[in-house]
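Note that the structure is a prediction, hence the values are computed from the model and not measured. Naming: A, B, ... by sequence-line order, numbering from 1 per chain.
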Number of protein chains: 2
Amino acid sequence: MVTTQFSGSAEDADISRADSLAREIFSDVANKWALLIIETLGERTLRFTELRGALEGISHKMLTQNLRMLERNGLLVREVHPTVPPRVEYTLTEPGQALRATVDLMCGWTRRYIGHIEESRRRFDA
Amino acid sequence: MVTTQFSGSAEDADISRADSLAREIFSDVANKWALLIIETLGERTLRFTELRGALEGISHKMLTQNLRMLERNGLLVREVHPTVPPRVEYTLTEPGQALRATVDLMCGWTRRYIGHIEESRRRFDA
DNA sequence: CTGGATCCAGTATGATACTG
DNA sequence: CAGTATCATACTGGATCCAG
């Protein structure tokens, strides 16, 4: 990944820069709420409050922070309708949709191994 | 996922229990270090110190914590060789390997969109 | 409705020292 | 080498209040 490592040439500086950037992106994206937002927004465009309801358990602040972060990375777009009261909609971009595909797989993985894991935990906790 | 929701029947309790378990698993797994460990260990069995070297930036404590958590969930096995000095090896299980496949995709995603993202960030930060 | 700002508690994390 | 325990600290995340 992340550890791309071809090295040896004169572009070492570029490579390590790209690596650290990849790390940074990975750290941004590889967190519970970010992935859950991507997953939820994958199905359809949602407003702030709708999203918050769908996520269940996320705080106002967390949602805002993560949305800003995802917007900054270009994974979603924020559309403000200048009405009153304001109406703001969040939509996944193409990169966001692409990421969503991988999140779907993780969700599928969870469903598939949930039994395994529950059993493993029982054994471990004993 | 996570939001499985068939509902309506008498097994609602079971379903919501499964959902909360799925949530829990997802929270465990969807974090930077856990995924990076899975990814690194995917290539081959490693010892504690090797793993720590490969990850670069992780503290002794964080590594231990995450390894315990992954072991508890049955994503990897911890093999202790009773020699002196001790030798402990960590290997991905089948569920672990399966998860690794999805992490690989995330890594691929990062590589593919790293340019997009860098550009998006520049625009956003202005 | 959306979201920024602030305050504060709880937790995560790192450094260090110690054991087998 | 691997791992635990302890401690100090930074940071995260939640609650609340205010504004457009």
(message) Within the 4.0 Å limit for protein heavy atoms, which parts of nucleotides 6-20 of chain D are touched? Write it as a string from 5' to 3', B for base, S for sugar-phosphate only, - for none.
(response) BB-----BBB----B
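Contact between the side-chain N/O atoms of B:Arg68 and the OP1/OP2 oxygens of D:dG3 is found at a separation under 4.0 Å. Distances shorter than 4.0 Å separate some side-chain N or O of B:Arg78 from OP1 or OP2 on D:dG3. Neither OP1 nor OP2 of C:dC1 sits under 4.0 Å from any side-chain N or O of A:Tyr90.
Helix-axis bend for the helix from C:dC1-D:dG20 to C:dG20-D:dC1: the local axis fitted to the five terminal pairs at one end deviates from that at the other end by 40°, rounded to 10°.
Residue pairs meeting the side-chain hydrogen bond (donor to acceptor under 3.5 Å, both in side chains) criterion with at least one member in residues 98-108 of chain B, sequence neighbours excluded, do not occur. Applying the ring pair (Phe, Tyr, Trp, His ring centres under 6.0 Å) test to every pair with at least one member in residues 61-85 of chain A, sequence neighbours left out, gives no pairs at all. Within the structure, no pair that satisfies the side-chain hydrogen bond (donor to acceptor under 3.5 Å, both in side chains) test touches residues 59-71 of chain A, not counting sequence neighbours. Residue pairs meeting the salt bridge (Lys or Arg N to Asp or Glu O under 4.0 Å) criterion with at least one partner in residues 80-96 of chain B, sequence neighbours excluded, are B:Arg87-B:Glu89.
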Please set out all donor-acceptor pairs under 3.5 angstrom arising from side-chain atoms of residues 28-35 of chain B, sequence neighbours excluded.
from: B:Asp28; atom 1: OD2; to: A:Arg121; atom 2: NH2; distance (Å): 3.2
from: B:Asp28; atom 1: OD2; to: B:Asn73; atom 2: ND2; distance (Å): 3.1
from: B:Asn31; atom 1: OD1; to: B:Trp33; atom 2: N; distance (Å): 2.9
from: B:Asn31; atom 1: OD1; to: B:Ala34; atom 2: N; distance (Å): 3.1
from: B:Asn31; atom 1: ND2; to: B:Asp28; atom 2: O; distance (Å): 2.9

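As rounded to whole Å, 16 Å separates atom P of C:dC1 from atom CG of A:Leu67. Rounded to an integer number of Å, the gap from A:Glu50 CD to C:dG3 C1' is 17 Å. One interatomic measurement links the two molecules: CG of B:Leu46 to P of D:dA2, which rounds to 11 Å at whole-angstrom precision. The distance between atom NE2 of A:His81 and atom P of C:dT2, rounded to the nearest whole Å, is 12 Å. Taking atom CG on A:Leu51 and atom P on C:dG3, their separation rounds to 10 Å, with Å as the unit.
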(message) If you apply the rule side-chain contact (heavy atoms from CB on, under 4.5 Å), what do you find for B:Ile25 with A:Trp109, and how did you get there?
(response) CA-CA 11 Å; B:Ile25 294 170; A:Trp109 175 88; 4.1 Å; yes
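Side-chain contact between A:Ile37 and A:Leu63 is present, with heavy atoms from C-beta onward closer than 4.5 Å.
For the side chain to side chain donor-acceptor pair (under 3.5 Å) test, no residue two or more places apart in sequence or in another chain qualifies with B:Gln97. Among residues two or more places apart in sequence or in another chain, the salt bridge (charged side-chain N to carboxylate O under 4.0 Å, His left out) test is passed with A:Arg44 by none.
Of the candidates D:dC1, D:dG3, C:dT2, the closest approach to any side-chain atom of B:Arg47 belongs to D:dC1.
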